[in-house]
Amino acid sequence: MTKENKPSVLLIYTGGTIGMIENPETGALESFKFDELLKQVPELKRFNFRIDTYSFQPAIDSSDMEPELWVKIVRIIMEKYEEYDGFVILHGTDTMAYTASALSFMLENLSKPVILTGSQLPIGMLRTDGKENLITAIEIAAARRNDGQPMVPEVCIFFENELLRGNRTTKVNAENFNAFRSFNYPPLATVGIHIRFNEHLIRRNNPQLPMKPHFLFNNNVVMLSLFPGIKESIVASVLQVPGLKAVVLRTFGSGNAPQKEWLTRHLKQASERGILIVNITQCQHGAVEMHRYGTGLQLLQAGVVSGYDCTPECAITKLMFLLGHDLPLEEIRKLMDSDLAGEITHDES
Ligand code: ASP
């Protein structure tokens, strides 16, 4: 709360459709100034909140998002952490799930809400979904429990009518307003006439621990999706790329791969060269269980580690994050197997 006892929220505008306008010459959507965006939402004045803003210059389409820009967001949050009750990040939808995953690892011991949102239609358009998304995201960022603690001290995505744990999300629709899903973890809140928080699902760090920001990434990683007919020469050359540190291997079903001798051999050799290979499934629901079929077991025997029910966005950002911290390989393997920010469901949990 601010001195006047009003809730306070910092709105960080990175770009995305929400703040775009149609270029009259080309017809393409381009970013416009943040002040213009706020003028489109006079409703914000009706909140009895302190709402301050920070705008990326220039605003970006989220397809241009980069780890350096995640660092920039984290620096802003770090510098303003004590001043605000919560943070709302306006972000393009295309890579929002990657940013949400990355931030969930970068903001260790987070005890305040960091809510990402955006829209499918620019905020200036009559049928925009941006206004409701923005207004509700601000309300959620300022929401408190009866004991005065923030309701959702997590990195989340709010979109359309659900509040989702950020590192569990995937963009599933390029057209509908309901663009995000969290297939393997239920919504933290559902929004209709009321905002109904599922408090038992919300993660809480010890509020006594200081928030610890992290800034390092190593992007010597690749995502490799298997398909029937995948060629040995292509797999072999991907695994031989100089500097490669880790692979997110997108397998079939519960973590299965073709039973080709060459595939296990190349994966095993890569593993032995210190390349970490993480198995996640191409299915949206459910988890990898490498013990279940012989086609999965061969991967386990080749040194591949399980990514459980991690999304691709989360697996790749978690790897980049862990590799950035120059930890011994064994430690990274252990941490990939651990739930750091609510991103995986272990069998036993
Ligand atoms: N291309 C846009 C972006 O991700 C799409 C959006 O915002 O919905 O920045």
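Along the sequence shown, residues are numbered consecutively beginning with 1. All ligand and atom numbering here is 1-based and tracks the order in the structure. Model, not experiment: these values are computed from the prediction.
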Go through the steps to decide whether E43 and R46 satisfy the test salt bridge (charged side-chain N to carboxylate O under 4.0 Å, His left out), and finish with yes or no. CA-CA 5 Å; E43 293 87 345; R46 291 172 56 188; over 6 Å; no
Candidate pair E68 and K72, rule salt bridge (charged side-chain N to carboxylate O under 4.0 Å, His left out), full reasoning: CA-CA 6 Å; E68 296 80 69; K72 183 169 165 173; over 6 Å; no
Whether the Y185 and D309 side chains hold a donor-acceptor pair (N or O, under 3.5 Å, no angle test) is what I'd like checked. no
Looking only at side chains, do N218 and N220 share a donor and an acceptor under 3.5 Å apart? yes
Using a 4.0 Å cutoff against the non-hydrogen atoms of [X], which atoms of ligand 1 qualify?
{"X": "Q120", "value": "8 (O)"}
{"X": "T17", "value": "2 (C), 5 (C), 6 (C), 7 (O), 8 (O)"}
{"X": "G16", "value": "7 (O), 9 (O)"}

Which residue is it: R168, R203, K318? I am looking for the one with a salt bridge (charged side-chain N to carboxylate O under 4.0 Å, His left out) to E343. K318
May I ask you to check whether K171 has an N/O atom sitting below 3.5 Å from an N/O atom of ligand 1? no
In the protein, which heavy atom is nearest to atom 9 (O) of ligand 1, and how far is it? S62 N, 2.7 Å
Could you check atom 8 (O) of ligand 1 against the protein and tell me its nearest heavy-atom contact, residue, atom and distance included? T93 OG1, 2.4 Å
Donor-acceptor pair, N206 side chain versus Q208 backbone, under 3.5 Å? yes
Looking only at heavy atoms, is any part of S119 under 4.0 Å from ligand 1, and if so is it the side chain, the backbone, or both, or is it neither? backbone
